[in-house]
Undergrad: 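Got a structure for you, questions after.
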Amino acid sequence: MSLTIDDFVQKEESTCSYGMDDYTTEAARWCKGCGGHGALGALQRMLRDNQVHPEEVVCVSGIGCSSRFPHYLRAYGFHTLHGRALPVSVGVSLARPELKLLTVMGDGDCFSIGGNHWLHTLRYNINSMVMVLDNEIYALTKKQVSPTSRIGTVSNTSPRGSYLEPLNPLSVALGISNISFIAQTASWLPGHMQATLEKAWKHKGLAFVRILQRCPVFMPNAFQGGSVDFPGKFLESPEGIPVDKGILRDAPVVAHDPRNINAAQAVAANSHMEKEPLGLIYYNPEVPTYSDIRYSKVATVDRKAKAKLLDDYLTRYSVES
Amino acid sequence: MSLTIDDFVQKEESTCSYGMDDYTTEAARWCKGCGGHGALGALQRMLRDNQVHPEEVVCVSGIGCSSRFPHYLRAYGFHTLHGRALPVSVGVSLARPELKLLTVMGDGDCFSIGGNHWLHTLRYNINSMVMVLDNEIYALTKKQVSPTSRIGTVSNTSPRGSYLEPLNPLSVALGISNISFIAQTASWLPGHMQATLEKAWKHKGLAFVRILQRCPVFMPNAFQGGSVDFPGKFLESPEGIPVDKGILRDAPVVAHDPRNINAAQAVAANSHMEKEPLGLIYYNPEVPTYSDIRYSKVATVDRKAKAKLLDDYLTRYSVES
Amino acid sequence: MKEPIQLKEHIVEIVSDAGEGAQKAGTTFAELCAKSGNGLWTVEIIPSEIQPPPHTVGSASGNRIRLSSRPVTNGGDLTNLVVAFNEMALLSRIQVGALAPDVIVIIDNMWATHADPQICKQYREVLDSLSTQGGQVWELPIDAACAKVTDDSAKGKNMFIVGMLSCLYNKDLEVAKSFVRGIFAKKPPAVIQKNMDLIEAGYVFGMNHFSQTFVVAPVKGLPEQVAMNGNTAIALGSIAAGYELCSMYPITPATSASHELAAFFEDFGGLVHQAEDEIAAVGVAIGSNWAGKPALTITSGPGMALKTEFLGLTVMTETPLVCVNVQRGGPSTGLPTKVEQGDLLNALFASPGDAPKVVMAPSSIEECYHIMPLARKISEEFRALVIVLSDANLATGRQLFARPKVVEDMLTTPLDLSPVEAGAKPFDWDLETGLSQRILPGRPNGMWVATGLNHNEAGKINYLAESNQKGMTMRSRKLAVLQSTLKAPEIFGEAEGDLLIVGWGSTRGAIWEAVERAQAEGLRVSAMNIQFISPLPPGIKAAFQKFKKVMTVELNYCDRMGDPYITEENRRYAQLAIILRANTLVDVDCWGMVPGRPLMPCEVHGVIRQEIQALKTKKGI
Amino acid sequence: MKEPIQLKEHIVEIVSDAGEGAQKAGTTFAELCAKSGNGLWTVEIIPSEIQPPPHTVGSASGNRIRLSSRPVTNGGDLTNLVVAFNEMALLSRIQVGALAPDVIVIIDNMWATHADPQICKQYREVLDSLSTQGGQVWELPIDAACAKVTDDSAKGKNMFIVGMLSCLYNKDLEVAKSFVRGIFAKKPPAVIQKNMDLIEAGYVFGMNHFSQTFVVAPVKGLPEQVAMNGNTAIALGSIAAGYELCSMYPITPATSASHELAAFFEDFGGLVHQAEDEIAAVGVAIGSNWAGKPALTITSGPGMALKTEFLGLTVMTETPLVCVNVQRGGPSTGLPTKVEQGDLLNALFASPGDAPKVVMAPSSIEECYHIMPLARKISEEFRALVIVLSDANLATGRQLFARPKVVEDMLTTPLDLSPVEAGAKPFDWDLETGLSQRILPGRPNGMWVATGLNHNEAGKINYLAESNQKGMTMRSRKLAVLQSTLKAPEIFGEAEGDLLIVGWGSTRGAIWEAVERAQAEGLRVSAMNIQFISPLPPGIKAAFQKFKKVMTVELNYCDRMGDPYITEENRRYAQLAIILRANTLVDVDCWGMVPGRPLMPCEVHGVIRQEIQALKTKKGI
Ligand SMILES: Cc1ncc(C[n+]2csc(CCOP(=O)(O)OP(=O)(O)O)c2C)c(N)n1
Ligand SMILES: Cc1ncc(C[n+]2csc(CCOP(=O)(O)OP(=O)(O)O)c2C)c(N)n1
Ligand code: SF4
Ligand code: SF4
Ligand SMILES: [Mg+2]
Ligand SMILES: [Mg+2]
């Protein structure tokens, strides 16, 4: 059941009370061919299919091309600072656990300057879908090497080729306690991307989705240009993400148990040197979310009771003689 | 060949040109029973055994009880900022690759506020031994929960017990590209600790050593109090760290191949819930160091040549008409 | 025994090695004085290491209690009486210059005959030199007496000392016992009995050994008082302000405020989030406030440095935020446990670009409580960043003040999530005032995106000149509007005269006390304390112009005229002085120092005398 | 064709959709003008998105070239002539108010007859409204003519335009051709030929269509010139300064300086380290400097915010460091690609505690080069933090200046690692000057530990009052010593008069040009540019007192008198004005704005006239 972009356009015409427009502000101002368009479209379709109330969606982002995302989505949004989307998301999730929270970052944003928040927010397991649009480059600042750039990447700060093996976000994430959902998809696979986002959306906890993203302007050669030749492999499991090969010419499908951390680590290891896994890599819906943990211990008290309690506390400090 | 602390004191009396005093400034001002004393002693003995010139040693630290380390070691030192030891070490290692660099941090220092530098500096694989004194608590600031505190830890910011499963520094580190050396030891096992530091010292690259550290003041119950009952297991391999059970009553010895990343990940997984591995967890001496990579591409030019070259470059911008 | 000496006030210190119980003895005795109606200010004496080597100068630990027959606003001058567990603890207090020349020292005489001759020698040396300088030394067999009542005199000494001091200051023994019984209420009866015995023994010991006792009369007719330190006051004030989230990262001396909150916040429906670092801590608070749950963040200097970028985002997105900075000694790691006022310019100007914000400072522990609801109110009505500058002096001092009345005004009510009217804008600035209404997420039709980029009324990114100028104007205007609601700061003393001393924050108590003394001497000096430093209140310049000389007194560094290379042109002024000079163009002088401890009224008094003398001399010429 | 018109100068813009070649055409034509001896300042016109939708206002991209018969110090006033590839690019320039009322517009007439009637309509509207306001429109069949020479007119248009402009400004065709041949030297002959054809075709096209041409005479008798932007100048200046490590994290508009360095630094034995974030970037530079390899860090506002804590550590440990801040619009993310001077107070005061540092600002692209060796020298001699404030105007403008002479002075020599004499101290402060010698790691007997805690001469942690006061004094004293070596800033114009305009940094060119015009009109106005803002140079107050009025002109926000709620008391001044008021107590006024673009001399000229008029009126009253 592989769908092309056209199929999706078809599907979009089916009637329902929230249409695509209800999730759209202005035309997205990314470059032609930018993977951002595909990711935004996949998200909007998913929201439409699930008839999510736009006002209940909060989209928090950092700074980068990718982080323009909230401006194009009709929802509440917070376009924060470079690397700092996740702390703001933690705040939103603690403040309003009932809102539907989406965090969008770029690879530099999340893995370089934002690395510490990434590490710790995965451990908090806040209830948010977290999308990283990973184009393996700093795009907004016009082409500097990113932690996920392949070794030898020619960029403006590495004009003679970059020096280091790339960071593998999947294997790092898999080393963090309390992870509950890790998936990977690609911006040129609309069907798979939408299915991935749908699964992530429905996950209670932090659903970390790395989206391999085309940046035809500054990183045209990454991911075989996001072409039919991209060397992916689909992970298949009963509770996983439906395989949807899209345009890919030959991408094997392998059985994978996303509940098994060791299997997940094996799949993730060296992913950038072998075939990139696509689908649900790790899944543990039992991990409690941070707000659930915290609020299970927080009393519900009204104004009156609170005032009374405060007065009682003051008595502890009283020095009535 | 298990050695007690007394054996070590013996050993210290053997004559050699640098003695323990040559690595000592003032008496260390940590609490009685603090694991810092053991770690400092093990390091000094190792330096003495290897007759390292004190003036060639640079010890960089962050902020915390543990980060007072350089003040007690007779060597050059830089007691930096909370969480920021590693960037300074990167600078030192780029500036003076010939110096012998040691970085010392606490668990809050390295894994909480310093997490991003930890992630990235492991990837750089700078040439430094990196010791984390992990007492599973913020000690200097008087008992707040740390990322490595066990769930339920009662601290001043978690008076009703901490909320989250601890971060596992070993499994995170094992997910990072370019790692070359990961070992774990404990502050109450002087023999094993010294052997670990010796192996790490001789490693070219970033040797990450987590030292489980007693803090009798704020975390007396961690690690079974650093007692004979501590549930450790020793990793044994031909190129590993000699097993030295010290005071431990029953700590199994298991064969482990530190060259095998999957084996390392398996050993590291859930380490805090099962037996803590002691010894060399991962080892890959082939990973090039950051300064070697960088300087292999940097020209050696003297002042004259540099001035000439600069003049040539200016010509490119010249608009002689 | 002679008649007790009647005193207006006395400053008493109890010092021991860290962990030996002087802290406990001090707080208990202070509490007892409070109960008996004395005015009070206590200061913790804390070693800089967790467990310094015992019987060394670095190990001194304890409490300093100023008890008075009138309300007390600061820690006072030099210490009048010290109970020292050993001579090194005493020596450390001599070294830091804390003791009055005629100080009375009560010290355990067991060291005089200690097995280690070195100790005997240094014990004798310390005491001799103290006597030479005018001190009185009462060497008493404290440990020996205590050991008669308990097997573990080391542990029991604290309550023994409480008993002894109760005798010395003529506190009622039965009241003392019943108070201490209350403290130990949850302990087994044997423990309670042991402590009763210790107090009693200490009291009797005093009766047997003191040739002189003291009475500090109670203050009369005060309303019900509470006693707490400034961090507790901030914690309780935060509850009163309606906060439901405190997002923080530990740092001395701010952390204890969050400890207090952590202890009970969940009962109030709130929580403390210890973030991975200070950047995250402030980010979480911003996210929460933006989403509608009142959140604050609390930190100290190095943490402020890390929050700099996010504080700019708060200003740009007009997200309400209160950020408390409990100042410590700087720059950099500086003197982490000690007081300084060096973060004023940081608070005002750290943010790159023009980021107008409110900066205010409590000047007493009582104000630490009351400033919190005010700060939150301003932050929300003006959609503004409010930085509250407390400091280590307020944080760890303990003071009595009138028990606050609890009001429900600031406590939260359920959010209004009704649909917004069509066309509502997230920055619907009133062009006069810059004020606008927030639209909280969840409200139908209200969808908008907050951004740190320049934006127009609709919150949309905009790069045009007019839009940037307008946004800047609106954010700046809010401060002018707030300023228009402020009152001119009170002048303590006559509205005109020779010298006006201007201060801010925690030094108010010491400065005003000094000014009062000088006024009593007939000197024409007044004082002003500035609570709002941004925006500055009205009337400052006008007030300054009524004095021959205006100078700030700050716990801040400033270059001193007369020092090498220092000229009128290059002199670096103390921080408040810089602001006041720029604002008023009055030649505001400054007197600043950075000793890492609170100002003493006597120091300020000395400065006043000297300055007025200088003014007179000048006139004479 | 008529006789060419002789012009003193002309401002020419070439604008197209992003990626259509106007940038290339602009830089090539500018280069050609430079070669032919014109004074020059070019400014990039950059869209704010990477690839904005074509044929929209947001897509305008290109170059603005001020060519002159005398040396040029700034981008000048309104544009005299525009070559627009389409009407939307033109419209965007109209909208930002860049064009002179009598601007000449050369535009491709193909849009007049475009298939999309909407485009035809808007084309006509834009041109009509422009004509109505006094502009001249030359509608020419550019694309059609270009298509005759090449299959891909979209690609070839840039060189066609170069040819056309060569004709318009009477540049020698052969010189133009040989210059462009040089640019394409490494390309296949066919490509070179194609470009020669295009230039020639453009030239001929001009001959056929222009009824009027221009001549801007060359500047006479200048020494050899180089042309570059300010970031390139900083990169080359860093090499001249002897830097061997640039530790950075990308951020607009600073990044291109490190791009330049990355391109060639390794050949010089240096390297660029792109760190994981700005905190790490500055930490790496500090580590490197402390260990003895000269390292600098370069960033912009948000990056400065993140470096705050480490910059305090640099000051406290007296580790030399130069930190370049290429300022952009703030606060927060602000206007990331645009110019502003809003980080001055941040540079001075961001650090918590008192952290004295040097702050200096280049005022021209030439100074961007020369300031780097000076900054390094000061940082090392004074063991100080030096913040260099450049901005987006300097960073992306291109200017001609005298080719710097390369000197070896600052280039590094091998480290001296000989043993230090016994007892040598890492902070062996000269008590007069605060100066001391560094001890680099590796030297036998020199072992010491740098710490951000207060420390004594030996570098040992110390918590005592005297020690803290002393450390603060020594660090502050260094600024007084540096100040004593500075010269009073030059006054541009008479040393006394009605009005003194004070500026700093990149606005110097525009301000001085405006002042010159006003002086030529007989107005009694002078100007001062301040290079050192910390410490301020001597003689400022004395200079100010010779003028009736002093005011700063800044690309900074300030409240305007007369606006609602704004009073003398609460007015928020522009940043330099605050500093000067505090320092001199002179009533320094300010005129500031934040349009996100450089000042134009005509704007400043207007301000001068108005102010002098106001002074006269006042006097009249
Ligand atoms: C504190 C700070 N540092 C640096 C920048 C400059 N900056 C903006 S986006 C960006 C990186 C963009 O790369 P990435 O996160 O991969 O996003 P992309 O543009 O590729 O989607 C950088 C360095 C900034 N805005 N703030
Ligand atoms: C920026 C900053 N934030 C917070 C602090 C306060 N602080 C000092 S040490 C420390 C944590 C200490 O814990 P750890 O790193 O585990 O070291 P330990 O004391 O346990 O050895 C903290 C939070 C600081 N000095 N600087
Ligand atoms: S530069 Fe790359 S990432 Fe940015 S909008 Fe264009 S294609 Fe997308
Ligand atoms: S508090 Fe704990 S970690 Fe710190 S010195 Fe004492 S024992 Fe060691
Ligand atoms: Mg990217
Ligand atoms: Mg710790």
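Just so you know, these numbers use all the heavy atoms, side chains as well, and skip hydrogens, waters and symmetry mates.
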Undergrad: Only pairs of heavy atoms separated by less than 4.5 Å count here; which of B:A95, B:A299, B:G77 has the most with chain D?
TA: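 That would be B:G77.
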Undergrad: Most heavy-atom pairs under 4.5 angstrom with chain D, which of B:R316, B:H120, B:H117?
TA: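 Winner by heavy-atom pair count: B:H117.
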Undergrad: So do the side chains of D:L313 and B:T80 get within less than 4.5 Å of each other, counting heavy atoms only?
TA: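 Yes, at least one pair of side-chain atoms sits under 4.5 Å.
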Undergrad: Counting heavy-atom pairs under 4.5 Å with chain D, which one of B:R84, B:E98, B:K297 comes out on top?
TA: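 Most heavy-atom pairs within the cutoff with chain D belong to B:R84.
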Undergrad: Tell me the closest heavy-atom pair linking D:P404 and B:L314, and the distance in Å.
TA: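 Minimum heavy-atom separation between D:P404 and B:L314: O-CD1, 3.7 Å.
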Undergrad: If we define contacts as heavy-atom pairs under 4.5 Å, which of B:D311, B:V301, B:V90 has the most with chain D?
TA: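 Ranked by contacts with chain D, first place is B:D311.
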Undergrad: With no hydrogens and no angle check, is any side-chain donor or acceptor of B:R303 less than 3.5 Å from a backbone partner on D:D409?
TA: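 Indeed, once roles are kept as given, a pair shorter than 3.5 Å links the two residues.
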Undergrad: Between B:V58 and D:W290, is the side-chain contact (heavy atoms from CB on, under 4.5 Å) condition met? List the steps.
TA: CA-CA 11 Å; B:V58 168; D:W290 178 78; 3.7 Å; yes
Undergrad: Once rounded to the nearest 0.5 Å, what's the spacing between atom CH2 of D:W448 and atom CZ of B:R74?
TA: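 One gets 16.0 Å once the value is rounded to the nearest 0.5 Å.
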Undergrad: Shortest non-hydrogen contact from D:P444 to B:E55?
TA: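 So the two residues come closest at CG-OE2, 3.6 Å.
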Undergrad: Given the rule in the side-chain contact (heavy atoms from CB on, under 4.5 Å) test, do D:V406 and B:K308 qualify, once you have shown the distances and angles that lead to the verdict?
TA: CA-CA 8 Å; D:V406 174; B:K308 168 80 175 59; over 6 Å; no
Undergrad: Of the backbone (N, CA, C, O) and the side chain (C-beta and beyond), which part of D:L236 lies under 4.5 Å from a heavy atom of chain B, both, or neither?
TA: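 For D:L236, heavy atoms of backbone and side chain both lie under 4.5 Å from chain B.
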Undergrad: Could you tell me which of D:N445, D:N289, D:L440 has the largest number of non-hydrogen atom pairs under 4.5 Å with chain B?
TA: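 With the most close heavy-atom pairs to chain B, the winner is D:L440.
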Undergrad: Relative to chain D, which segment of B:T300 carries a heavy atom at a distance below 4.5 Å: side chain, backbone, both, or neither?
TA: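 Contact with chain D: none, neither part.
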Undergrad: Is it the backbone or the side chain of D:L417 that comes under 4.5 Å from a heavy atom of chain B, or both, or neither?
TA: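 Interface part for D:L417: side chain.
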Undergrad: Compare every heavy atom of D:V449 with every heavy atom of B:F78, then report the nearest pair and how far apart it is.
TA: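 Closest approach of B:F78 to D:V449, heavy atoms only: N-CG1, 4.2 Å.
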Undergrad: Between B:V92 and chain D, which part of the residue has a heavy atom less than 4.5 Å away: side chain, backbone, both or neither?
TA: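 Interface part for B:V92: both.
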Undergrad: For the interface with chain B, which of D:A280, D:G442, D:G269 has the highest count of heavy-atom pairs at distances below 4.5 Å?
TA: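 Sorted descending by pairs with chain B, the first entry is D:G442.
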Undergrad: So which residue, D:G270, D:A240, D:S288, ends up with the most heavy-atom pairs under 4.5 Å with chain B?
TA: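 Among D:G270, D:A240, D:S288, the one with the most close pairs to chain B is D:S288.
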Undergrad: Which region of D:F310, side chain (C-beta onward) or backbone (N, CA, C, O), has a non-hydrogen atom less than 4.5 Å from a non-hydrogen atom of chain B, or is it both or neither?
TA: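 Contact with chain B is through both the backbone and side chain of D:F310.
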Undergrad: Between B:V57, B:L119, B:V298, which residue shows the highest count of heavy-atom pairs closer than 4.5 Å to chain D?
TA: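 Result: the option with the highest number of such pairs is B:V298.
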Undergrad: So for D:P414, is it side chain, backbone, both, or neither that comes closer than 4.5 Å to the heavy atoms of chain B?
TA: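 It is neither, since no heavy atom gets under 4.5 Å.
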Undergrad: Please classify the contact between D:A281 and chain B as side chain, backbone, both or neither, with a heavy-atom cut-off of under 4.5 Å.
TA: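 Neither part; nothing is under 4.5 Å.
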Undergrad: Counting only non-hydrogen atoms closer than 4.5 Å, does D:A285 touch chain B with its backbone (N, CA, C, O), its side chain (CB onward), both, or neither?
TA: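 Contact with chain B is absent: no heavy atom of D:A285 under 4.5 Å.
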Undergrad: Do any N or O atoms from the side chain of B:R96 and from the backbone of D:K293 form a donor-acceptor pair under 3.5 angstrom?
TA: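 Pair absent, no side-chain N/O of B:R96 close to backbone of D:K293.
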Undergrad: Just how far is it from atom CE of D:M447 to atom SG of B:C59, taken to the nearest 0.5 Å?
TA: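 One finds 13.0 Å between CE of D:M447 and SG of B:C59.
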Undergrad: Taking 4.5 Å as the heavy-atom cut-off, does anything in residues 217-224 of chain D contact chain B, and if so which residues?
TA: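 Contacts with chain B: D:E224.
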Undergrad: Passes side-chain contact (heavy atoms from CB on, under 4.5 Å), B:T25 versus D:K460? Steps please.
TA: CA-CA 11 Å; B:T25 53; D:K460 298 278 179 199; 4.3 Å; yes
Undergrad: Could you tell me whether the side chain of B:Y76 and the main chain of D:R443 form a donor-acceptor pair under 3.5 Å?
TA: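 Confirmed, B:Y76 side chain pairs with D:R443 backbone.
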Undergrad: Can you find a heavy atom in the side chain of B:K306 that is under 4.5 Å from one in the side chain of D:E244?
TA: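 Contact flag for B:K306/D:E244 side chains = yes.
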Undergrad: Which bit of D:F265 comes within less than 4.5 Å of chain B, counting heavy atoms only: side chain, backbone, both or neither?
TA: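 It is neither, since no heavy atom gets under 4.5 Å.
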Undergrad: For B:R68, is it the side chain, the backbone, both or neither that has a heavy atom under 4.5 Å from a heavy atom of chain D?
TA: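 Answer is side chain: those atoms of B:R68 sit under 4.5 Å from chain D.
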Undergrad: To the nearest 0.5 Å, what is the distance between OH on B:Y124 and NE2 on D:H273?
TA: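 Between B:Y124 OH and D:H273 NE2, I get 4.0 Å after rounding to 0.5 Å.
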Undergrad: At a heavy-atom distance under 4.5 Å, which candidate from D:D277, D:L245, D:I286 has the highest pair count against chain B?
TA: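 Most heavy-atom pairs within the cutoff with chain B belong to D:D277.
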Undergrad: Which bit of B:L94 comes within less than 4.5 Å of chain D, counting heavy atoms only: side chain, backbone, both or neither?
TA: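 Both parts, heavy atoms under 4.5 Å.
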Undergrad: Is D:T412 in contact with chain B via its backbone, its side chain, both, or neither, using a 4.5 Å heavy-atom distance?
TA: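 D:T412 touches chain B through backbone and side-chain heavy atoms alike.
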Undergrad: Using non-hydrogen atoms and a 4.5 Å limit, figure out which bit of D:S247 sits close to chain B: side chain, backbone, both or neither.
TA: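 Neither part.
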Undergrad: Can you tell which of B:L309, B:N116, B:T315 has the highest number of heavy-atom pairs within less than 4.5 Å of chain D?
TA: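 Heavy-atom pairs under 4.5 Å are most numerous for B:L309.
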Undergrad: Begin with the C-alpha distance, continue with both residues' side-chain angles, and end with the deciding distance and a verdict on side-chain contact (heavy atoms from CB on, under 4.5 Å) for B:Y313 and D:D267.
TA: CA-CA 11 Å; B:Y313 267 89; D:D267 300 337; 3.3 Å; yes
Undergrad: Could you tell me whether a side-chain N or O of D:R403 sits under 3.5 Å from a main-chain N or O of B:V319, the two making a donor and an acceptor?
TA: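 Pair absent, no side-chain N/O of D:R403 close to backbone of B:V319.
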Undergrad: Side chain from CB out, backbone as N, CA, C, O: work out which of these in D:A295 comes under 4.5 Å of a heavy atom of chain B, or both, or neither.
TA: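 Neither part; nothing is under 4.5 Å.
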Undergrad: Would you compute the distance between atom NZ of D:K405 and atom CG of B:L310 and round it to the nearest 0.5 angstrom?
TA: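 So the NZ of D:K405 and the CG of B:L310 are separated by 13.0 Å.
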Undergrad: For B:K100, is it the side chain, the backbone, both or neither that has a heavy atom under 4.5 Å from a heavy atom of chain D?
TA: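 For B:K100, neither part sits under 4.5 Å from chain D.
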Undergrad: Counting N and O atoms only, with roles assigned by atom type, does the side chain of B:R294 sit under 3.5 Å from a partner on the main chain of D:V272, one being a donor and the other an acceptor?
TA: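 Judged by distance alone, yes, a pair lies under 3.5 Å.
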Undergrad: Can you tell which of D:G446, D:P419, D:G452 has the highest number of heavy-atom pairs within less than 4.5 Å of chain B?
TA: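 So the answer, after comparing D:G446, D:P419, D:G452, is D:G446.
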